[in-house]
*Asks:* 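The structure under discussion is supplied below as structure tokens; questions concerning it will follow.
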Amino acid sequence: MKVESGTLPDSKICKVLRTSLLDWYGKFGRTLPWRNLRDPYAIWISEIMLQQTQVKTVLGYYDRWLQKFPTLKSLAAADIQQVLKLWEGLGYYSRARNIHKAAGKIVAEYNGKFPQEFDRILALPGIGRTTAGGIISSAFNQPFPILDGNVKRILARLVTLPVLLPKANKQLWQLSESLLDRQHPRDFNQALMDLGATICTPKSPKCDRCPWMNHCLAYQTGTPTSWPMRTSSPPRPHKIIGVGIIWSDRQQILIDRRLDDGLLGGLWEFPGGKVEEGETLPECIHREIKEELDIEVEVGSHLITIDHAYSHFRVTLNVYHCHYISGEPKPLESQEIRWVSLDELDELPFPKANLKIIEALRQENS
DNA sequence: AATTCGTGGCG
DNA sequence: TCGCCAAGAAT
């Protein structure tokens with residue numbers, strides 16, 4: 001039989017694929033904390049944490065979250081700072097802000113009961129088509145497809161999809177939907193993701209253990225990792241940043257809370273900014289602190305230098321101690337400022353790179 | 001439609 | 001050391 005690249009096998013083969021995948025899942029599927037749950041709230045939290053984040057990373061956060069916020073109402077009643085503290089280090093902090101917003105919406109509009117209709121789930125902040133499909137199939141066993149990174153890779157390989165990834169989404173959704181086992185949507189979707197995470201991996205797929213080996217066109221080419229087809233990403237710019245630890249006479253430190261929108265939104269940080277052309281680091285820090293807080297400081301000794309990579313740029317943080325001189329500090333470019341002791345830093349959410357600064361402060365202080 | 005959003009692990 | 005990429009969504 002001749003098989004065309006980019007198209008699904010006939011319905012008979014599709015049935016074989018469903019059966020073999022579900023059979024494989026029964027034997028080799030992963031045991032995960034959220035897998036046997038049916039509480040849509042708990043499943044929702046897992047789906048959001050797992051966006052662009054590996055299972056291994058999520059495991060450390062998930063149980064802690066459910067312990068702190070066991071119910072949707074407890075979450076809705078919580079302070080956003082408390083929520084962000086629990087999310088600290090997990091990244092993509094808009095996820096945490098959206099979870100909190102969505103919880104408030106569910107309480108206000110649905111009396112605290114998580115909605116069971118696809119369109120209502122999709123309308124919640126932070127939930128797109130894939131997450132909505134994951135929640136509704138997992139919690140309610142309703143037949144909606146998913147299309148995460150795993151499924152894109154599996155399906156693109158299965159049919160050797162001859163389209164670059166950003167443009168292939170429409171076809172991939174169609175493939176995921178037509179392949180879905182409508183009698184077992186929950187297990188089928190979970191099985192797809194397990195297959196992608198453990199067998200059909202990005203770099204060295206274990207094709208000899210794949211239930212779909214005999215039907216996979218990419219396997220037959222001998223170079224399955226050629227799919228999905230991607231465009232190379234542009235190089236990430238590197239920014240040099242000056243950061244000030246502003247000490248008061250009472251051994252307190254001045255910190256600011258970032259605006260809710262944008263990078264690291266809502267988190268606390270030590271003030272600072274980008275070094276300009278022909279400027280020394282102390283000059284940069286002095287200028288940035290004047291611009292951001294409208295105060296005068298004296299820049300002192302170097303504390304630590306930290307290299308950190310974000311998703312689309314890299315930074316080097318050059319951190320210096322500073323001594324507060326004069327002026328009433330104002331949150332000119334942040335939403336809040338606060339003088340805190342070293343111990344009080346632990347109660348507030350900081351970005352990962354700033355946690356390294358705090359660690360250095362502790363070592364120097366002890 | 002193309003960007004912007006964190007962090008960790010891996011080859 | 002560096003680029004890739006992970007249970008994507010919002011704008």
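Because only heavy atoms are used, hydrogens play no part in the values below, and waters and symmetry mates are left out as well, while side chains stay in. Chain identifiers are assigned alphabetically (A, B, ...) following the order of the sequence lines, protein sequences preceding nucleic acid strands; residue numbering begins at 1 within each chain.
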*Asks:* For residues 300-307 of chain A, please give each side-chain donor-acceptor pair under 3.5 Å, one per line with the distance, not counting sequence neighbours.
*Replies:*
from     : atom 1 : to       : atom 2 : distance (Å)
A:His302 : NE2    : A:Ile304 : O      : 3.4
A:His302 : NE2    : A:Thr305 : OG1    : 2.8
A:Asp307 : OD1    : A:Thr316 : OG1    : 2.6

*Asks:* Between B:dT7 and C:dT11, how far is it from one C1' atom to the other, in whole Å?
*Replies:*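 After rounding to an integer number of Å, I get 23 Å for this pair.
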*Asks:* Within the 4.0 Å heavy-atom criterion, would you say A:Ile127 contacts the bases, only the backbone, or no part of the nucleic acid?
*Replies:*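 Sugar-phosphate, no base atom in range.
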*Asks:* With a cut-off of 3.5 Å and sequence neighbours excluded, list every side-chain donor-acceptor pair involving residues 163-179 of chain A.
*Replies:*
from     : atom 1 : to       : atom 2 : distance (Å)
A:Ser176 : OG     : A:Ile146 : O      : 2.6
A:Ser178 : OG     : A:Gln174 : O      : 2.8
A:Ser178 : OG     : A:Leu175 : O      : 3.2

*Asks:* Among residues at least two apart in sequence or on other chains, which ones pass side-chain contact (heavy atoms from CB on, under 4.5 Å) with A:Asp79?
*Replies:*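 For A:Asp79, the residues satisfying side-chain contact (heavy atoms from CB on, under 4.5 Å) (neighbours in sequence not counted) are A:Gln81, A:Gln82.
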*Asks:* Could you pull out all residues at least two apart from A:Asn214 that satisfy side-chain contact (heavy atoms from CB on, under 4.5 Å)?
*Replies:*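 Result, side-chain contact (heavy atoms from CB on, under 4.5 Å) vs A:Asn214: none returned.
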*Asks:* What integer number of Å spans the C1' atoms of B:dG8 and C:dT1?
*Replies:*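 These two C1' atoms come out 16 Å apart once rounded.
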*Asks:* Expressed in whole Å, how much space separates the C1' atoms belonging to B:dG11 and C:dA7?
*Replies:*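 The answer is 23 Å between these two C1' atoms.
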*Asks:* Suppose you measure atom P in B:dT3 against the same atom in C:dC4; what distance do you get, rounded to whole Å?
*Replies:*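 That atom pair is separated by 15 Å.
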*Asks:* Report the residues that fulfil salt bridge (charged side-chain N to carboxylate O under 4.0 Å, His left out) with A:Glu283, sequence neighbours left out, ordered by chain and then residue number.
*Replies:*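 A:Glu283: no salt bridge (charged side-chain N to carboxylate O under 4.0 Å, His left out) contacts found.
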*Asks:* Report which part of the nucleic acid A:Thr130 touches: base, sugar-phosphate, or nothing (heavy-atom distance under 4.0 Å, all strands).
*Replies:*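 Answer is sugar-phosphate: A:Thr130 comes under 4.0 Å of backbone atoms only.
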*Asks:* Is it the case that the ring center of A:Tyr324 lies less than 6.0 angstrom away from the ring center of A:Trp247?
*Replies:*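 Not under 6.0 Å, so no.
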*Asks:* Say you pick atom C1' in B:dC5 and the same atom in C:dA6; how far apart are they, in whole Å?
*Replies:*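 Straight-line distance between the two C1' atoms is 15 Å.
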*Asks:* For A:Tyr41 together with A:Phe69, are the ring centres under 6.0 Å from each other?
*Replies:*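 Judged by ring-centre distance (under 6.0 Å), A:Phe69 and A:Tyr41 do not meet the cut-off.
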*Asks:* Could you list the residues that satisfy side-chain contact (heavy atoms from CB on, under 4.5 Å) with A:Glu109, not counting sequence neighbours?
*Replies:*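 Here the qualifying residues are A:Lys105.
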*Asks:* Anything under 3.5 Å between a protein N or O and an N or O of nucleotides 8-10 of chain B, put it in a table, one pair a line.
*Replies:*
from  : atom 1 : to       : atom 2 : distance (Å)
B:dG8 : OP1    : A:Lys352 : NZ     : 3.2

*Asks:* Sequence neighbours excluded and cut-off under 3.5 Å, please list the side-chain donor-acceptor pairs for residues 135-143 of chain A, or say none.
*Replies:*
from     : atom 1 : to       : atom 2 : distance (Å)
A:Ser137 : OG     : A:Gly133 : O      : 2.8
A:Ser137 : OG     : A:Gly134 : O      : 3.3
A:Ser137 : OG     : A:Asn189 : ND2    : 3.1
A:Asn141 : OD1    : A:Arg186 : N      : 2.9
A:Gln142 : NE2    : A:Gln116 : O      : 3.1

*Asks:* Suppose we call two aromatic rings close when their centres sit under 6.0 Å apart. Are A:His312 and A:Tyr310 close by that rule?
*Replies:*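 No, the ring centres sit 6.0 Å or more apart.
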*Asks:* On DNA chain C, reading 5' to 3', which nucleotide is the first and which the last to sit with an atom under 4.0 Å from a heavy atom of chain A, could you check?
*Replies:*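 The contacted stretch runs from C:dG3 to C:dA10.
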*Asks:* For A:Asp346, what residues pass the salt bridge (charged side-chain N to carboxylate O under 4.0 Å, His left out) criterion, not counting sequence neighbours?
*Replies:*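 Per chain and number, A:Asp346 pairs via salt bridge (charged side-chain N to carboxylate O under 4.0 Å, His left out) with A:Arg362.
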*Asks:* What are the residues of residues 99-110 of chain A, sorted by number, that bring a heavy atom to within less than 4.0 Å of DNA chain C?
*Replies:*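 By residue number: none to list.
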*Asks:* Heavy atoms within less than 4.0 Å of DNA chain B: which residues of residues 22-39 of chain A have one? Give them sorted by number.
*Replies:*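 Within residues 22-39 of chain A, no residue comes under 4.0 Å of DNA chain B.
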*Asks:* Using the closest heavy atom to pick a nucleotide of DNA chain B for each, name whichever of A:Pro166 or A:Leu263 lands nearer the 5' end.
*Replies:*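 Residue closer to the 5' terminus by nearest nucleotide: A:Pro166.
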